[in-house]
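The structure under discussion appears below in the form of structure tokens.
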Amino acid sequence: MNTTTKAWTTTPLVALVSAGLPALYPPSVQAAASMSPEQAAHAAFPEADRFDARSLRLSSEQLHGLDAVAPVRQRGEVRLFEAWAGSRLLGTLYIDDVIGKVEWVTYALALGADGSVRSLEILEYRETHGFEVRTPSWRRQFSGRRVDTPFRFGEDIKNISGATLSCAHLTAGVQRLMALHTQLAKTSAR
Amino acid sequence: MNGFPARRTRPLLGTYVHVEVIAENATQAERAIEVAFLRIEAVHQAMSFHSPDSELSRVNREAHRQPVPVGSDTLAVLRRALYLARISAGRFDPSIAPHLVRAALLPAPAPLPEKAGHWSCIQLDEAARTVYFSQPLWLDLGGLAKGYAVDAAIEAMAEHAPLRALVNAGGDLRVLNRTPGTPGFPVHLRTPAEARETLPLGQLDHGALATSGEILLGRTGRNAGLSPLVDPASGIRPAQARSVTVLAPECWLADGMTKIVGLLGPDSQPILDEQDCHAAIIDPAGHLHASPGFWQAVNRPHPPGDHPDA
């Protein structure tokens with residue numbers, strides 16, 4: 001195998017897993033800082049002198065209503081920061097999660113007082129990865145092989161190449177939050 | 001290693017774009033990230049197939065009637081697209097959008113052109129900075145524009161002197177390393193069989209990596225198994241390869257070459273050699289076929305499972 005320099009080599013995918021990789025990757029990678037919700041709030045509303053933070057539990061009726069806007073798996077709880085300059089409401093920053101097929105995204109959407117989008121920042125992005133989720137068919141490939149040592153890379157390092165993941169789930173989440181914002185504005189105006 | 005790490009993720013180019021840098025201080029890191037996203041946003045706006053206001057959409061509507069002026073990014077991507085078409089004798093063809101629209105892999109921007117041209121109908125006037133189609137056609141610069149955006153971001157960041165940086169636009173990624181001797185970025189491959197699973201591929205200390213495959217997420221129904229690989233001769237078809245990964249000096253080339261290798265298989269070796277690229281093909285049986293030099297390029301001098309002392 002691999003005797004000529006011009007030959008293609010063939011490797012079972014299983015061998016990629018069982019090769020001694022941990023030695024290749026020292027576990028000393030520093031965690032890179034992501035934005036916190038507070039940082040996102042300050043970045044979106046630099047002129048604010050005060051933020052009122054609260055969380056909002058959505059009723060199943062509300063969630064159902066939002067499904068009509070854009071269906072996506074969303075947690076029933078949304079955190080929000082109202083940004084104030086003195087007695088003037090500048091806008092609201094929403095912290096929400098959307099769950100796609102493979103990815104799990106926590107994002108901050110800042111809406112101005114007029115309901116327009118000021119900024120959209122992703123605070124946390126996780127792809128189900130490595131060997132965290134193993135389907136039976138995947139496990140079957142490894143029967144009889146030593147795969148008992150999971151790879152522990154820096155939790156933040158996920159430089160994955162593969163067919164492109166769409167960000168449609170996030171777009172749907174943003175549409176839902178904008179609809180929710182309109183609802184809330186109506187309620188508080190009453 | 002020392003250095004200040006920072007990273008951001010934003011939804012751009014239809015996917016999630018991660019930018020990660022290690023710089024000498026926090027200010028430098030933040031500035032490098034902002035500069036990277038500014039470049040990516042510019043490319044996104046110019047070359048979106050989905051947005052009717054993009055430069056690309058205007059080209060698709062008008063370029064068969066008269067030469068349409070384009071900005072430097074669109075011109076650069078078109079130049080690269082034609083280059084890839086030439087070196088692959090048309091296997092790479094940026095005018096396959098009608099095939100993708102018919103297979104419902106892309107939304108139709110307008111009624112399909114009756115008599116669609118192909119890549120050789122695209123005429124670039126470098127001096128006038130215009131593009132003209134001698135036949136009506138639709139360009140989709142999707143993957144190539146994504147790779148180009150990654151290159152543009154890395155090059156813009158290089159001017160802001162981060163120690164190391166990585167840009168990953170939905171699997172099209174490129175690495176910048178100003179500190180030789182430090183380990184590269186670990187890179188993983190999403191497996192074709194099960195999208196939730198990723199395999200450790202190796203580590204990348206310079207250059208770019210891109211993958212095309214049939215696991216296109218969020219796609220269900222009759223098109224679930226279709227690949228974005230289109231044979232210009234026979235149209236869209238289920239892929240022979242489950243996924244194709246290419247290592248190249250630049251990301252636009254890595255992305256473009258995935259299509260060529262996907263259609264030619266190991267017969268693409270002369271083109272790979274000529275372009276200083278390496279490739280890996282995952283077949284339906286779960287084997288990875290690597291071109292000579294592939295494993296060395298991801299810093300795994302011995303192919304996994306081929307231990308010299310075993």
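A, B, ... follow the sequence lines: proteins, then strands. Residue 1 opens every chain. As a basis for the values below, the full set of heavy atoms in this structure was taken, side chains included, without hydrogen atoms, waters or symmetry mates.
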| query | Are B/Glu24 and B/Arg31 within salt-bridge range, i.e. N to O under 4.0 Å? | reply | no
| field | Option in B/Leu209, B/Thr9, B/Thr245, B/Leu166 with maximal non-hydrogen atom pairs under 4.5 Å from chain A | value | B/Thr9
| request: Identify, with sequence neighbours excluded, every residue that meets side-chain contact (heavy atoms from CB on, under 4.5 Å) alongside B/Ala208. | output: B/Arg174, B/Cys251, B/Ala254
| remark: The interface call for B/Ala210 against chain A, heavy-atom contacts under 4.5 Å, is backbone
| field | Residue pairs involving residues 38-71 of chain A (criterion ring-ring contact (aromatic ring centres under 6.0 Å, His included); sequence neighbours excluded) | value | A/His42-A/Phe51
| said: Does any backbone or side-chain atom of B/Leu272 lie under 4.5 Å from a heavy atom of chain A? Answer side chain, backbone, both or neither. | reply: side chain
| said: Quick check on B/Leu288 against chain A: is it the side chain, the backbone, both or neither that has a heavy atom closer than 4.5 Å? | reply: both
| Between B/Glu20 and B/Arg164, is there a side-chain N and carboxylate O pair less than 4.0 Å apart? | no
